[in-house]
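Below is one structure, written out as structure tokens; comments come after it.
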Amino acid sequence: MTGRDLTALRDAAADVGLELCGYGLDPLRPPRRVLDLPRYVAMEKFWDRDGPWGRQMMCGTASVQVCVDAGEDSAGGSGYRARWRLLHAIGPVLVAAFANSPLRDGKPTGWRSARQQVWAHMDPGRTRAPAENGDPRDAWTAYALDAKLMCVREPDSADWTAPAGLTFRDWLRDRPATLRPPTREDLDYHLSTLFPPVRPQGHLELRMIDAQLGDGWIVPAAVVMALTSDARAAEAAEAAAEPVWAQFRDAGDDHMRSMGPWLRAARYGPADPTISRASKQCFEAAEAALSRSGAPAPIRQAVADFTDRYVLKDRCPADDQLEGVA
């Protein structure tokens, strides 16, 4: 179905002389908001308080958002706790393998995923991962309540600007006199303005993967589905990712610790030796899982081709862009 939708979009674009491009960050144009809706006006005002990064995110970034079932309410490997842990563990590997945004204003940024660089400079209370310890439900609840309000919907007004610094918890407990009481619908809307790498939505939405050229979206979708739906692959992937996290936990260098797996993956991609090893092991596990599941041959071939072209050579799609401007 996604393939048919993309074909329709490509045909419609071609009719007016346009071509769809899949990059994590617009490599040429400066950010410029097109939609003049209350949500996006309020969002722009919110991000502008902290610099130019929010506008870059809103107007110049794109991703492949892979969604998977949240899992059962159990303590086993098919439970949501295990799946939550796995997706966060392999997140940096996915950032690196599919990094595809090395350019800004036509020039190299020094990052394989400058899209992730943009996210790293934005409000951490809505873009970083929730606490890793404890039950994911508790972590997500605290994260959502402590996140600052981006906007307050007012059906009879075009101005949805939220009071600066006000969290949803504040709105519930210590509401300003000028603000109406929050509703369940307000909470649902607030959750839609939170952008962590893995976002619970009844299912789990992965937001860390750069947009890919053409039908390149097939590979991250297939790899994620393989690693989350096959118990052997999930176990192998989580073990493969452990050294990626351990190198930061055990680092004696303050800069190394502060960078963390997400930013190092975004900056160096699979050129980082530890991430490279984890990527190779994760893709090997994914290919084996796809074979065991009887996945269609074109999907298995797409993953195999990506592995040969990029993963086994410590490359990512960003390297193709960089070669084009060398």
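Values below: every heavy atom of this structure, side chains too, minus hydrogens, waters and symmetry copies. If you're wondering where the values come from, they're calculated on a predicted model, not measured in any experiment.
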Taking all non-hydrogen atoms of both residues, which atom of [X] and which atom of [Y] are closest, and how far apart?
| X | Y | answer |
| --- | --- | --- |
| Ala42 | Cys151 | CB-CB, 3.6 Å |
| Trp84 | Leu204 | CE3-CD2, 4.0 Å |
| Pro38 | Ala158 | CB-O, 3.7 Å |
| Asn100 | Leu213 | ND2-N, 4.2 Å |
| Gly77 | Ala82 | O-CB, 3.7 Å |
| Gly106 | Val325 | O-CG1, 4.3 Å |

Should [X] and [Y] be counted in the same cluster of Ile, Leu, Val, Met, Phe, Trp and Tyr side chains packed under 4.5 Å apart?
| X | Y | value |
| --- | --- | --- |
| Leu86 | Trp140 | no |
| Tyr23 | Leu28 | no |
| Leu166 | Met43 | no |
| Leu94 | Leu25 | no |
| Trp160 | Leu35 | no |

Query raised in the report: Does the side-chain hydrogen bond (donor to acceptor under 3.5 Å, both in side chains) test come out yes or no for Asp138 and Tyr143, once each step is laid out?
Result: CA-CA 9 Å; Asp138 296 335; Tyr143 185 95; over 6 Å; no

Report task. Check the pair Arg55 / Arg33 against side chain to side chain contact (heavy atoms under 4.5 Å, CB included), numbers first and verdict last. Result -> CA-CA 8 Å; Arg55 289 197 181 207; Arg33 180 168 54 85; over 6 Å; no

Requested in this report: Give the intermediate values and the outcome of side-chain hydrogen bond (donor to acceptor under 3.5 Å, both in side chains) for residues Asp159 and Ser157.
Outcome: CA-CA 5 Å; Asp159 185 2; Ser157 173; 5.6 Å; no

Report task. Please test Phe98 against Gln212 for side chain to side chain contact (heavy atoms under 4.5 Å, CB included), starting from the C-alpha separation and ending with a verdict. Result -> CA-CA 8 Å; Phe98 299 109; Gln212 304 292 297; 3.6 Å; yes

Looking at side-chain heavy atoms only, is the closest gap between [X] and [Y] below 4.5 Å?
| X | Y | value |
| --- | --- | --- |
| Arg104 | Val118 | yes |
| Gln117 | Trp53 | yes |
| Thr61 | Gln116 | no |
| Glu72 | Tyr80 | no |
| Pro296 | Arg300 | no |
| Asp123 | Arg49 | no |
| Asp146 | Phe168 | no |
| Leu103 | Thr109 | no |

SB check [X] [Y] (cutoff 4.0 Å):
| X | Y | result |
| --- | --- | --- |
| Arg309 | Asp305 | no |
| Arg81 | Asp73 | yes |
| Asp105 | Lys107 | no |
| Asp170 | Lys148 | no |
| Asp308 | Arg315 | no |

Rounded to the nearest 0.5 Å, how far does [atom2] of [Y] lie from [atom1] of [X]?
| X | Y | atom1 | atom2 | value |
| --- | --- | --- | --- | --- |
| Ile90 | Ser279 | CD1 | OG | 10.5 Å |
| Glu284 | Leu312 | CD | CG | 9.5 Å |
| Cys282 | Arg277 | SG | CZ | 13.0 Å |
| Lys280 | Ile275 | NZ | CD1 | 11.5 Å |
| Thr161 | Glu44 | OG1 | CD | 10.5 Å |
| Gln56 | Trp47 | CD | CH2 | 12.5 Å |

**Report entry** For Val152, side-chain contact (heavy atoms from CB on, under 4.5 Å) partners two or more places apart
**Finding:**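 Listed in chain order: Leu149, Glu154, Ala162, Trp171, Leu179, Arg180.
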
Query raised in the report: Please walk me through it: do Ser63 and Ile209 pass side chain to side chain contact (heavy atoms under 4.5 Å, CB included)?
Result: CA-CA 6 Å; Ser63 66; Ile209 301 169; 5.6 Å; no

When the side chains of residues 191-202 are checked against the rest of the protein, which donor-acceptor pairs come out under 3.5 Å, sequence neighbours left out?
from, atom 1, to, atom 2, distance (Å)
Ser192, OG, Arg39, NH1, 3.2
Ser192, OG, Tyr189, O, 2.5
Thr193, OG1, Arg126, NH2, 3.0
Thr193, OG1, His190, O, 2.7
Arg199, NE, Glu205, OE1, 3.0
Arg199, NH1, Ser192, O, 3.2
Arg199, NH1, Leu194, O, 2.8
Arg199, NH2, Glu205, OE1, 3.0
Gln201, NE2, Glu205, OE2, 3.4

Report task. May I have the step-by-step check of side-chain hydrogen bond (donor to acceptor under 3.5 Å, both in side chains) for Asp210 and Ser101, ending in yes or no? Result -> CA-CA 7 Å; Asp210 280 358; Ser101 50; 2.8 Å; yes

Contacts under 3.5 angstrom, residues 220-236 side chains, donor-acceptor by atom type, not counting sequence neighbours:
from, atom 1, to, atom 2, distance (Å)
Thr228, OG1, Val224, O, 2.8
Thr228, OG1, Met225, O, 3.3
Ser229, OG, Met225, O, 2.5
Asp230, OD1, Arg232, N, 3.0
Asp230, OD1, Ala233, N, 2.9
Asp230, OD1, Arg292, NH2, 2.9
Asp230, OD2, Arg292, NE, 3.1
Asp230, OD2, Arg292, NH2, 3.3

Query - Short side-chain to backbone donor-acceptor contact, Trp245 and Ala89, under 3.5 Å - result: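 At least one qualifying donor-acceptor pair exists.
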
Query raised in the report: Would you say the side-chain atoms of Arg153 pair up with the backbone N or O of Glu185, donor to acceptor, closer than 3.5 Å?
Result: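 At least one qualifying donor-acceptor pair exists.
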
Query raised in the report: Going through the checks in order, is the side chain to side chain contact (heavy atoms under 4.5 Å, CB included) test met by Leu145 and Leu172?
Result: CA-CA 9 Å; Leu145 290 174; Leu172 284 169; 3.8 Å; yes

Query raised in the report: Do other residues, nucleotides or ligands put more than 12 heavy atoms under 6.0 Å from the CG atom of Asp174?
Result: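 Atom CG in Asp174 is not packed in, count stays at 12 or less.
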
Query raised in the report: Relative to each other, are the rings of Phe306 and Phe283 parallel, tilted or perpendicular (30° and 60° limits)?
Result: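 Rings of Phe306 and Phe283: parallel, as their planes differ by under 30°.
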
**Report entry** Residues Asp186, Thr183; criterion side-chain hydrogen bond (donor to acceptor under 3.5 Å, both in side chains); working and verdict
**Finding:** CA-CA 5 Å; Asp186 288 319; Thr183 65; 3.1 Å; yes

Query raised in the report: Which of these, Arg112, Arg267, Arg264, sits in a salt bridge (Lys or Arg N to Asp or Glu O under 4.0 Å) with Asp272?
Result: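 The salt bridge (Lys or Arg N to Asp or Glu O under 4.0 Å) with Asp272 is passed solely by Arg264 among Arg112, Arg267, Arg264.
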
